[in-house]
Amino acid sequence: MTTTPIPSQAGQSASNPLDQRPDALGRFGQFGGKYVPETLMPALAELEAAFYQYWQESEFQQELNGLLKDYVGRPSPLYFADRLTQHYARPDGTGVQIYLKREDLNHTGAHKINNALGQVLLAKRMGKQRIIAETGAGQHGVATATVCARFGLSCVIYMGVHDMDRQALNVFRMRLMGAEVRPVEAGTGTLKDATSEAIRDWVTNVETTHYILGSVAGPHPYPMLVREFHHVIGQETRSQAMEKWGGLPDILLACVGGGSNAMGLFNDFIHDSTVRMIGIEAAGEGADSGKHAATLTRGRVGVLHGAMSYLLQDQDGQVIEPYSISAGLDYPGVGPEHSFLKDLGRAEYYSVTDQQALEGLQRLSQLEGIIPALETAHAIAYLETLCPQLSGSPRLVINCSGRGDKDVQAVAKVLKMNEL
Amino acid sequence: MVSVSSCMNSLRDRGQCALIPFITAGDPNLETTAAALQILDRSGADIIELGVPYSDPLADGPVIQAAATRALQHGTKLENVLEMLKIVSPKLRSPIVLFTYYNPVLNRGIDTFFQDIAAAGASGIVIPDLPLEEVEKLLPAAAAANIEIVLLVAPTTPKERLEAIAAQSQGFIYLVSVTGVTGMRTKVESRVQELITELRGITDKPIGVGFGISQPAQAKQMMEWGADAVIVGSAFVKRLAEGSPEQGLQAIETLCRSLKSAIAE
């Protein structure tokens, strides 16, 4: 693995907006920035400085890459999904060639560990002994609890009460590894509320605590540094594609809640204009139902959790409680870089419903023997819409961002109810 | 409408420390908020901070969070808050400082927002999630509407940043006395004294100390340490929410008077 180039800092030519992701103020175009209480501003500056310093150090890179290999199990395979490909093939045998980037095979079962590991190494170097994090589906919480166990750090995870109920397996995993899971009852008891509570904890304990934010969201430098820690996903995909067919993928497809797995896959291909990038949001009961989490599809520009981005909000600028069957996508905001890529037209964003995602989950399970997470199932489900629109046999890579063990009880409940 | 800075300056000329109570608009209802503003105004308040309820109040502790949630559940909208304020503000001696998170400002349109709050009689604004770096683009709209933007400094703010914030802040400088969110605390941190002294060495502007102050003795302590204003929030919000509106109004009047007498010499 090679060292990722450092993102451009201040003062460079802005002729191509894609060259400044972000600029010196932490902005991706109009999006991003740092909208946080003053108490946190010095900590964000400290984190940014630490990131720029250590990311360049070979000792840091060696430790991170060593752990990614031996502890996480990277590189994750790029798997040709033969039967899924056949499922969407035309009668003449042509059709989309579908590959899965198997982040579900990482230790802890999702891409989230890449970022948790990177940030815990930073926290250690910054001398922080206490770690906090928010979690929705519990995958980021589990990843954080895991690295805290690995490095002997005290760990508090904020999780909405509704999510604790629907992702009970992950709550147990976190506790088993010694993390304290603090239930958050505010709002709908989901990811938004857990994030707010984690930020309040950080405001209070900022001098001793590092906040491992779990997505490419939040105030600068998080969207940048979380992306860089997931950059390895796209980087591996590029070299695996080169190995397998000697070229680039034509299409990248990933689910988007906050958007970390999508940014991880997209980032290495941003400047490859032939590569089409598609993000899939959660439409819940339908993008017109009022019960959804389709932020980029249905939101307006606003500020939440420290960043300017698209946001689900009412006419008064109050944040709307989102809804999705998938706890990891059940968030009213989205990472600012996705808003930027959407407005530039560099990436496209669509949404699929709970029902479509459930069907996608079953399809991948039955055709490939891979049970994806409900989040990932949204990306899988979009194949139904996308494949008939495509001509020829383009190569498509889906980020198989997480495995579905955590969801089986919740899914069983719904499927029984619907008698599917 | 009296500006926040002229109010602060005239108090300082008379050697007085200002009392700035905070209440959340719409909790328990806007009629009570209107009554509360007038009661505070005649019970020792020098400036009144009025919180606009927001769905995601990151800088607030449980008391003000709960008040905002209740106010929103009752259907309180910025529009109604401003209508109420328009009627009540001419009856008040104290300038009104609105406390709102940034998203409702952005959502209304920055120019419109400042014009509308000025028309309703507000003199100043505190936006707790808008740091120095982002304030600049609001200054022209605020200046055009005669609204002063009060900036916050925290115990974690380094010296050069203190200087930059102090230079930019209007009305007074809001010194957050704790690393943490709003809410009542039994003890004030002793380092607040050093923070006030440090800030005093940097700026001539008035210093208001808030977050975590709820009792008359704590307010007095702040005054003795050199604060020009003491801001008390959760203690008022909690009292106003307990029992009937009449009992709540009675309780905040008592608290306001006792805080004022503690800092009046």
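Just so it is clear, the values below take in all heavy atoms, side chains as well, and ignore hydrogens, waters and symmetry mates. By convention in this document, chain letters (A, B, ...) are assigned in the order of the sequence lines, proteins followed by strands, and residues within each chain are numbered from 1.
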Open item on the list: So which atom in B:Thr76 and which in B:Pro53 form the shortest heavy-atom distance, rounded to 0.1 Å?
Closed with: CG2-CG, 4.0 Å
Which atoms of [X] are under 4.5 Å from chain A, going by heavy atoms: the side chain, the backbone, both sets, or neither?
| X | answer |
| --- | --- |
| B:Ile127 | neither |
| B:Leu106 | side chain |
| B:Pro128 | backbone |
| B:Tyr54 | both |

TODO: Please look at A:Gln315 and chain B and tell me whether the side chain, the backbone, both or neither of the residue comes under 4.5 angstrom of a heavy atom of that chain.
DONE: backbone
- [ ] Go through the atoms of A:Pro42 and report whether side chain, backbone, both or neither lie under 4.5 Å from a heavy atom of chain B.
- [x] side chain
Select, from [options], the one with the greatest count of heavy-atom pairs under 4.5 Å involving chain A.
| options | result |
| --- | --- |
| B:Pro131, B:Ala154, B:Ala66, B:Pro158 | B:Pro131 |
| B:Ala59, B:Pro57, B:Gly61 | B:Pro57 |
| B:Leu130, B:Asp60, B:Val105 | B:Asp60 |
| B:Leu72, B:Thr69, B:Val176 | B:Leu72 |
| B:Arg161, B:Lys77, B:Glu79 | B:Arg161 |

- [ ] Please determine, by modelled atom types, if A:Gln119 and A:Tyr211 share a side-chain donor-acceptor pair under 3.5 angstrom.
- [x] no
Open item on the list: For A:Glu38 and B:Thr157, which I'm curious about, is there any donor-acceptor pair between the side chains at under 3.5 Å?
Closed with: yes
TODO: May I ask you to decide if A:Leu304's main-chain N or O and A:Ser309's side chain share a donor-acceptor pair within less than 3.5 Å?
DONE: no
Hey, is [X] close enough to [Y] for a salt bridge, meaning N to O under 4.0 Å?
| X | Y | value |
| --- | --- | --- |
| B:Asp228 | B:Arg200 | yes |
| A:Arg21 | A:Glu337 | yes |
| A:Arg27 | B:Glu134 | yes |
| B:Arg191 | A:Glu207 | yes |

Task: Interface residue of largest heavy-atom contact number with chain B, from A:Leu25, A:Asp314, A:Val203, under 4.5 Å - done: A:Val203
Open item on the list: With chain B as the partner, which of A:Val319, A:Ile320, A:Val206, A:Ile199 has the greatest number of non-hydrogen pairs under 4.5 Å?
Closed with: A:Val319
- [ ] Report the relative orientation of the aromatic rings in A:Trp202 and A:Tyr222; use parallel for angles under 30°, tilted for 30 to 60°, perpendicular for over 60°.
- [x] perpendicular
